[in-house]
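Reminder, nothing fancy here: chain letters follow the sequence lines and each chain counts from 1. Just so it is clear, the values below take in all heavy atoms, side chains as well, and ignore hydrogens, waters and symmetry mates.
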Amino acid sequence: MSVTDLEPYTTEDGREIGGVVMEMKNITLRFGGVVAIKDISFDIRQGEIRAIIGPNGAGKSSMLNVISGFYTPSEGQVWYQGQPRPAMKPFEIARQGVARTFQNIALFEGMSTLDNIMTGRLTHMKSSMLSQGLWWGKAQQEEAKHREVVEKVIDFLEIQNIRKTPVGRLPYGLKKRVELARALAAEPQILLLDEPMAGMNVEEKEDMSRFILDVNDEFGTTIALIEHDMGVVMDLSDRVVVMDYGKKIGDGTPDEVRNNQDVIDAYLGVAN
Amino acid sequence: EGLSTPNLSYRTGPFAATGIPLMNGQRDYMLMLNARDGGIGGVPVDFSECETGYSTEKGVECYEATKGDAIVTQPWSTGITLQVLPKTNVDEIPILAPGYGFSPMADGSVFNWAFNMPGSYWDAASMILNEISGNDLSTLSGQKIAFLHLDHPFGKEPLPFLENMAEEHGFELLPIPVGLKEMQNQSAQWLQIRRERPDYVVMWGWGAMNAGALTEAVKTRYPMDQFLGVWWSGHDGDMEALGEAGTGYRSISYSAPQPDAQVMADIREYVFDKGDSLATESELDWVFYQRGLVISAMLAEGIKTAQDHFGEGEITASQLRWGLENINLTDERLAEMGMTGMVAPFSTSCSNHTGHAGGWMLQWNGSEWEVASDHLMPDSEAIRPLEVAAAAEYAEANAPWPIADCE
Amino acid sequence: MEFLKKLFVDPFVEMVSYPDFLMQVLWEGLVSGVLYSLIALGFVLIFRSSRIFNFAQGIMVVFAALTLVGFHAMGIPAWVSVIFTLGVMALLAITIERVVLRPLVGQPDIILFMATIGITLFLIGGGELIFGGETKRMITSDLGIPTGSVDFEPFGGLLILQHLDITSVAAAVVLVTGLLIFLNKTRMGRAIRALGDDHQAALSVGISLRTVWVLVWFIAGVIALMTGIFWGARAGVSFALEVIAYKALPVLMLGGLESITGAIVGGLAIGLLEKLFEIYWGQPLLGGGTETWFAFVLALIVLLFRPQGLFGEKIIERV
Amino acid sequence: MLDAEKTNNALLEVNNIEVIYNHVILVLKGVSLSVPKGGITALLGGNGAGKTTTLKAISNLLHSERGEVTKGSVSYQGQEVQELNPAALVKRGVIQVMEGRHCFEHLTVEENLLTGAYTRRDGRAEIERDLEMVYTYFPRLKERRKSQAGYTSGGEQQMCAMGRALMSRPETVLLDEPSMGLAPQLVEQIFEIVKSVNEGEGTTFLLAEQNTNVALKYAHYGYILENGRVVMDGPADELRENPDVKEFYLGVSDDGRKSFRDVRSYRRRKRWLS
Amino acid sequence: MFYNTAGQFKTSYTKDQSLFPVKQDAILLGVVLLCAWIIFPMTASEFTFKTMLMPVLCYSLAALGLNVLTGFAGQLSLGTAAFMGVGAFACYKLITIFPEMNIIVAILLSGVFSSAVGVAFGLPSLRIKGFYLAIATLAAQFFLVWLFEKWHWLSNHNPSGAIEVPNIDMFGITVAGPNAAPVTQYYLILAIVTLITIVTINLTRGNQGRIWKATRDMDIAAELIGINLLKSKLTAFAVSSYIVGVAGALFVFLNLGAAEPNFFDIPLSFKILFIAIIGGLGSVMGNFMGAILIVALPVVIKFLPDAIGLEINPATVEHLNIMTVGALIIFFLIIEPHGLARLWQLIREKLIIWPFPH
Ligand SMILES: Nc1ncnc2c1ncn2[C@@H]1O[C@H](COP(=O)(O)OP(=O)(O)OP(=O)(O)O)[C@@H](O)[C@H]1O
Ligand SMILES: Nc1ncnc2c1ncn2[C@@H]1O[C@H](COP(=O)(O)OP(=O)(O)OP(=O)(O)O)[C@@H](O)[C@H]1O
Ligand SMILES: [Mg+2]
Ligand SMILES: [Mg+2]
């Protein structure tokens with residue numbers, strides 16, 4: 001199989017990989033003098049786990065920010081579901097089914113775990129302010145209905161016992177998990193994960209891997225993932241993009257990337 | 001336990017500087033009566049203060065807190081007066097606002113419970129106009145008078161009257177408001193004065209505004225003898241800070257300091273020398289301190305009138321109302337009180353709650369105030385119709401409003 | 001049409017016709033601007049070192065001035081009183097650090113802001129209790145500050161410059177220069193800026209919050225004293241002075257909360273523009289009194305284009 | 001080697017401390033550590049085990065998080081230090097690199113580094129020299145020295161925080177999760193730096209780490225924390241060989257490293273305590 | 001062990017989401033409501049009504065409004081008083097233009113005006129943040145008070161510039177103006193405050209509340225998970241100014257009876273901010289506790305020396321009072337920066353685990 005071959009296929013462990021859902025076309029991103037991303041193109045296919053790796057400061061997070069609309073590329077365009085995506089506010093992009101987690105945890109510290117995850121549902125909630133104010137009819141039903149979805153996510157991520165804890169008090173690793181839960185609660189088409197396993201020990205990484213795989217498997221969610229743990233990246237992802245100094249230096253299956261000399265020089269080092 | 005005459009004082013806040021000597025004067029007079037005569041008509045006066053800081057909200061607190069057994073309320077701010085005014089009708093308690101408050105309160109048939117003797121703001125404005133025109137308002141025609149005032153109910157109070165006069169006598173009135181936050185930085189106002197070159201500047205200032213205006217006037221080189229103020233703009237403290245530079249500035253006053261009056265000797269003997277006063281030695285001769293004495297003296301006179309009429313010592317609020325409405329402060333009576341020349345004689349009646357005693361022009365001579373005019377009187381003919389009209393309007397807006405029949 | 005003419009033509013005609021008056025307006029604006037800047041400087045310094053929006057700066061001005069006058073009234077020579085007052089301001093700084101700031105390290109901005117309002121109330125109450133509410137005269141001549149004025153007659157008109165105002169402008173220039181050198185050229189200056197970014201991290205590298213804060217609040221006290229002397233000389237010393245603190249707020253916003261330059265440029269700009277606006281537009285067209293809000297609206301408009309003010313640090317937004 | 005000296009040559013000693021946040025949340029339930037001079041000691045443990053809290057308790061930074069040490073004591077060079085303020089501790093040579101970088105956003109990278117030298121009094125030249133040293137350790141920082149730290153990438157910020165701590169010429173460094181968010185070769189690099197600073201300058205390190213693999217590779221001695229208690233400790237190489245540690249912290253089972261893909265086929269829960 | 005939550009299980013999400021999942025809380029609230037609705041009105045004197053009960057309620061409501069904006073949506077506002085002013089002046093105009101209008105309707109309607117003004121001044125909030133945003137609200141504060149002062153139409157050309165409340169009847173009972181009985185006014189205020197409080201609680205615990213809180217806690221993240229920030233902030237401004245406007249109208253019409261433009265100046269804004277912060281940002285009940293502390297306590301302190309026959313110069317009492325309020329603010333911020341509401345929660349948590357220390 002090669003990267004340019006876009007026919008749908010089934011992976012060894014039986015997951016369906018479809019056509020391209022999102023494509024970056026010649027993305028360049030500048031901040032004043034700093035060029036964070038230089039003319040990068042790659043695609044993400046339906047149902048796959050796509051990893052983005054590269055040394056620190058390579059521009060990975062910036063790329064994720066471009067995808068989720070927080071940064072507008074200086075040049076180039078993002079294509080989504082076969083269409084060039086017009087200039088949009090980040091919240092509109094989120095409503096199109098793109099959910100994400102953040103490198104430096106961005107939870108709503110003043111709320112409980114449950115409420116944080118409930119915010120993930122808000123793109124699906126429709127009751128008017130008036131009915132919410134009266135807590136009557138639709139608002140109340142809706143609240144209960146979405147609570148059910150959220151509880152499923154909570155069960156799935158095994159965080160039942162911290163449901164009502166203010167997230168500010170949670171340890172780092174659990175915060176990451178809550179953040180994932182919030183993104184999952186949105187039932188996204190594409191899930192963007194920025195270093196979901198940073199600051200975790202092996203056991204926790206295993207848990208997190210399991211969640212990612214299950215999400216991808218059970219809901220067919222497409223996942224783009226930034227991670228520095230090569231073990232995780234190589235084991236989980238279907239394809240890997242490698243960035244260095246804002247440029248793309250490699251793209252392919254884990255094996256292809258692992259053996260790419262540029263990648264070894266710039267990032268992996270001899271150890272791997 | 002005596003005659004409860006609470007005072008809603010302000011010894012704090014941005015207007016404390018001008019408030020304190022007045023409050024001290026009021027307080028000392030009552031203390032003196034208690035010490036010298038055992039009170040009024042043998043009944044001691046229970047003079048208490050409730051601090052408002054010139055805030056209307058706290059004013060209401062104080063009013064509510066003190067009204068219980070009080071026979072009078074002294075709100076001490078035009079804002080508080082406006083707020084309390086309609087309530088006194090219901091609570092049946094006389095409101096005493098000597099020389100402040102709402103000028104139409106003069107119309108006692110509408111404002112049954114309110115008294116603002118010996119003169120209202122409209123009286124003050126009228127006297128100032130009389131003084132600068134040499135008692136012939138037609139000479140003002142074509143002249144320009146700037147009205148520099150605090151942007152607050154107090155400062156705006158004389159506006160209707162002045163506007164009326166301007167129209168009638170053909171002078172140009174230029175109102176210049178000074179916001180509460182600009183009291184100390186009036187350079188914009190004085191630049192305007194410099195630009196407009198008015199023939200006179202009339203000031204309705206209070207607290208820190210007075211000093212600010214006088215300082216700016218000096219800086220702008222505005223001729224001091226064309227600069228006049230209301231009776232609250234003649235504070236010794238402000239003028240002393242200015243010294244020589246303030247020479248020529250005039251302030252209308254319904255009271256005149258008489259350091260040698262008998263009452264002053266009594267104050268010293270019964271209060272000050274005993275260390276019961278909150279005032280300082282030099283303060284005793286100040287215009288404001290002595291005006292404080294006059295204010296309490298008027299109240300005491302009202303009480304006494306009521307006591308004599310009803311034959312009771314411990315009078316009630318409504319009895320005091322009658323007393324305040326029937327004051328007849330003659331020269332003889334003033335002499336008896338040892339206050340000759342401190343206030344002009346006047347009398348009140350059912351329809352006249354102001355008394356319209358008139359006053360004097362005080363002029364700063366560089367180190368102290370001097371009486372610089374004969375006794376002045378307001379132009380009652382011009383004022384009365386305005387009072388009646390404004391009072392009627394007020395009654396209508398606040399219907400149902402009781403109107404007394406004064407005939 | 002008529003209105004447009006009043007708006008766009010008449011003011012300028014007037015400016016040109018009476019240039020001496022215009023110059024007087026500009027000078028008055030400049031002088032108030034300098035005083036606004038001084039108060040704003042006190043704010044900026046504290047904000048930089050602690051992200052505390054110190055509302056108490058205004059009352060510190062009053063407090064410093066009252067203390068000075070108070071000492072003098074006790075018969076202490078003017079310059080000795082100044083030194084004593086500085087001592088009191090140092091004591092105040094130490095107390096505030098010990099009692100208020102230390103227990104509140106690391107709390108959200110708004111909490112600290114509130115705490116400074118608490119300090120303000122405490123100082124108002126305490127100050128009136130000690131000094132009484134009467135207006136006091138600033139001991140201008142005892143301090144050797146010249147009074148009187150110089151007159152010019154440009155274009156056949158009249159321009160009056162008060163000696164006092166000239167002195168205050170000069171003193172402000174000296175003070176600001178000193179401050180700029182202190183902040184930019186010294187180790188302490190860097191520590192002050194670091195503290196503003198992250199208390200915890202600053203602690204972890206050994207910057208002593210206590211020392212820095214006491215120092216900074218003391219400097220703010222010195223600035224307050226200077227402001228108090230000059231402003232008090234204009235209008236007397238009383239608690240009514242406190243409201244000038246509000247004037248510093250738009251200055252800060254306009255200039256940027258953490259910039260010394262901003263405080264100065266903002267102060268001067270607001271001083272000049274609000275005076276011009278009031279005299280040439282506000283009084284003829286709007287009934288006057290526009291100075292209460294003009295500065296705020298001006299700052300608001302500028303912020304719409306530069307959300308961090310003219311010279312403020314760019315707000316870093318990253319995820 | 002070092003482990004034999006451990007008891008009699010402890011530089012930093014933590015005796016049975018208990019930490020409570022917000023007056024109600026008990027986090028450390030009696031933690032004791034002993035950090036030998038000149039060694040690298042690792043503090044291992046899962047999320048929320050209390051590693052960060054332990055480090056903050058040592059450097060007295062708990063206060064501003066509304067936490068307090070309610071029991072036990074911390075002594076450095078034989079003297080109790082709980083009452084010292086953080087600055088005084090830095091002067092004594094204990095500096096902490098906080099979890100989550102905490103760079104001064106609005107200062108440039110170089111200014112950040114210079115703040116590290118705040119407590120030093122040995123003159124500009126020495127500081128310049130150390131600055132160069134930091135730049136040789138982290139060349140990436142040199143490239144970005146003039147940009148505001150807030151705009152540098154996560155890894156760059158981590159380097160900056162490390163470099164800043166080194167600038168104080170510390171005797172003891174408390175390192176909280178230095179590897180978090182770093183690219184693999186950088187992780188190695190940072191630990192290499194730790195090692196060479198340790199060996200070269202004799203600096204003592206106490207590091208809290210999730211990346212057990214690397215941590216045990218470089219540390220001399222390790223403590224494993226769970227749920228606010230020390231559940232195991234020992235020399236690093238012994239810990240490395242412990243089967244439980246292998247399974248739960250190193251991710252290797254008897255049949256070698258297992259793939260992260262396989263984890264979902266089974267669920268495990270085993271704890272020494274809890 | 002009376003505060004024991006053990007054994008109180010919920011069997012449905014709806015129940016879990018109900019207002020008082022813990023039984024003891026519901027009982028406590030019941031007691032508070034009983035006091036407010038029955039015990040106080042039966043025992044209070046006119047003084048207590050006029051200077052404590054009614055102001056506390058009005059201030060609580062204003063603080064609640066501010067809390068929606070600052071505590072829930074995270075937008076610092078220093079212009080609360082001006083929005084109260086808009087409410088009060090709007091109500092005055094409504095009442096004088098349509099004398100037939102029911103006063104309750106007028107009060108509730110006047111909130112709509114302040115809401116609109118609030119939204120206008122809220123517009124910059126999308127670009128301007130934190131303390132810088134405070135400038136927008138300060139601009140509102142100073143500009144609006146100036147406008148009240150200059151636009152004489154607002155006060156029906158009253159020479160003093162003040163608005164004065166006429167006697168107003170409702171169903172034959174005088175409810176506003178000098179002739180109204182304090183009890184009647186108290187009940188009216190209480191009813192409106194209770195109603196608005198309930199609606200606000202509902203709003204803030206549901207989806208809208210989460211949107212606001214997300215905006216407050218981290219607006220960038222909020223936008224990235226799909227929140228329309230502009231809409232979120234503007235709804236917060238709208239709801240907040242509505243409540244504040246109603247509070248202003250209530251305060252002036254049913255309690256004060258008259259107000260001059262300067263009443264709505266910045267000290268009032270600060271007072272309300274104190275209440276919201278001391279009570280607890282992001283809490284509904286905190287506003288009431290804060291108001292008791294900031295509004296009622298000073299009144300008590302002020303009249304206490306007199307009541308117990310202590311002769312102290314009233315000016316001194318006032319100075320001490322100001323100092324006390326300042327010190328109290330600092331004190332409460334130090335013991336619990338998140339306010340009385342959080343303090344209460346902590347006590348509750350301690351009670352739950354009582355008698356064990358943790
Ligand atoms: N808003 C911004 N303004 C200026 N420069 C920026 C901005 N955002 C990112 N950069 C710069 O772009 C470069 C890439 O940053 P980015 O955060 O994308 O790196 P990364 O690949 O995610 O690194 P890491 O693995 O360390 O997180 C960095 O050098 C950073 O300084
Ligand atoms: N400020 C705080 N307030 C309340 N609880 C806290 C606070 N900080 C930490 N905790 C709690 O203390 C426990 C230990 O946290 P700590 O951060 O020390 O763990 P850690 O071992 O460093 O975890 P990680 O590896 O995730 O960083 C956690 O359960 C956390 O919930
Ligand atoms: Mg990144
Ligand atoms: Mg940690």
Side-chain angles (χ1 to χ4, degrees), chain C residues 44 47-52 97-98 101-109 111-112 183-215 256-260 262 308-309 311-319, chain D residues 55-56 59-67 84-108 110-121 124 127 148-154 157 160-161 164-170 173-174 176:
Chain C
V44 165
F47 190 83
R48 266 200 117 137
S49 65
S50 51
R51 301 279 129 175
I52 294 176
E97 190 280 327
R98 181 68 202 86
L101 303 180
R102 201 182 294 176
L104 285 174
V105 179
Q107 294 303 337
D109 298 350
I111 299 297
L112 289 158
L183 267 185
N184 288 334
K185 302 283 176 218
T186 62
R187 193 176 64 106
M188 202 45 132
R190 197 161 47 229
I192 287 176
R193 294 167 52 208
L195 253 185
D197 264 351
D198 193 326
H199 291 172
Q200 282 247 329
L203 277 174
S204 81
V205 296
I207 295 174
S208 158
L209 294 194
R210 297 172 189 182
T211 324
V212 175
W213 282 355
V214 168
L215 183 75
L257 283 170
E258 51 290 89
S259 164
I260 303 261
Q308 72 276 27
F311 297 92
E313 282 169 350
K314 194 147 188 275
I315 298 155
I316 293 181
E317 290 202 326
R318 291 199 59 187
V319 282
Chain D
L55 294 191
K56 285 193 173 165
S59 55
N60 283 328
L61 287 173
L62 278 178
H63 174 69
S64 55
E65 292 206 31
R66 304 188 83 70
L84 291 184
N85 64 28
L89 215 57
V90 174
K91 286 209 185 93
R92 292 215 184 172
V94 184
I95 194 159
Q96 174 165 13
V97 179
M98 286 200 285
E99 179 180 46
R101 288 126 205 184
H102 287 280
C103 292
F104 304 119
E105 290 188 332
H106 290 101
L107 269 56
T108 63
E110 184 153 311
E111 282 175 320
N112 261 283
L113 295 178
L114 287 174
T115 56
Y118 178 80
T119 47
R120 282 170 60 173
R121 292 281 184 274
R124 226 175 233 182
I127 293 176
Q148 285 194 330
Y151 286 116
T152 56
S153 81
Q157 291 185 14
C160 180
R164 190 174 66 191
L166 293 182
M167 286 298 290
S168 76
R169 284 269 185 95
V173 178
L174 311 176
D176 202 352

For this session: Could you tell me which portion of D/Ser168 (side chain, backbone, both or neither) has an atom closer than 4.5 angstrom to a non-hydrogen atom of chain C?
Result: neither
For this session: Would you mind telling me which of C/Leu203, C/Leu104, C/Leu209 has the largest number of heavy-atom pairs within less than 4.5 Å of chain D?
Result: C/Leu203
Exercise. Between D/Leu174, D/Asn85, D/Thr119, D/Leu114, which has the largest tally of heavy atom pairs under 4.5 Å with chain C?
Worked result: D/Leu114
Problem set entry | side chain to side chain contact (heavy atoms under 4.5 Å, CB included) evaluation trace for D/His106 with C/Arg48 | CA-CA 11 Å; D/His106 290 101; C/Arg48 266 200 117 137; over 6 Å; no
Exercise. Are D/Tyr118 and C/Met188 close enough that some pair of their side-chain heavy atoms sits under 4.5 Å apart?
Worked result: yes
Exercise. At what distance, to the nearest 0.5 angstrom, does CG of D/Leu89 lie from OG of C/Ser204?
Worked result: 11.0 Å
Exercise. Can you tell which of D/Met167, D/Gln148, D/Arg121 has the highest number of heavy-atom pairs within less than 4.5 Å of chain C?
Worked result: D/Arg121
Problem set entry | Check: C/Asp198 side chain, D/Phe104 main-chain N or O, donor-acceptor pair, under 3.5 Å | no
Please list, one pair per line, the donor and acceptor atoms closer than 3.5 Å that link side chains of residues 90-99 of chain D to other protein atoms, with sequence neighbours excluded.
{"unit_1": "D/Arg92", "atom_1": "NH1", "unit_2": "D/Gln79", "atom_2": "OE1", "d": "3.3"}
{"unit_1": "D/Gln96", "atom_1": "OE1", "unit_2": "D/Ser59", "atom_2": "OG", "d": "2.4"}
{"unit_1": "D/Glu99", "atom_1": "OE1", "unit_2": "D/Thr52", "atom_2": "OG1", "d": "3.1"}

Seminar exercise, completed: Max heavy-atom pairs within cutoff under 4.5 Å with chain D, candidates C/Ala202, C/Ser208, C/Ala194, goes to C/Ala194
For this session: Identify the two heavy atoms, one from C/Gln200 and one from D/Leu61, that lie closest to each other, and give their separation to 0.1 Å.
Result: NE2-O, 3.5 Å
For this session: Could you tell me which non-hydrogen atom of C/Gly206 sits nearest to which non-hydrogen atom of D/Ala87, and how far apart they are?
Result: O-CB, 3.4 Å
Exercise. Is it the backbone or the side chain of C/Arg102 that comes under 4.5 Å from a heavy atom of chain D, or both, or neither?
Worked result: backbone
Exercise. Is there a side-chain contact between C/Arg190 and D/Thr115 (heavy atoms, below 4.5 Å)?
Worked result: yes
For this session: Name all pairs fulfilling the salt bridge (charged side-chain N to carboxylate O under 4.0 Å, His left out) condition that reach into residues 111-120 of chain D, sequence neighbours left out, sorted by first residue then second.
Result: C/Arg193-D/Glu111, D/Arg120-D/Asp122, D/Arg120-D/Asp130
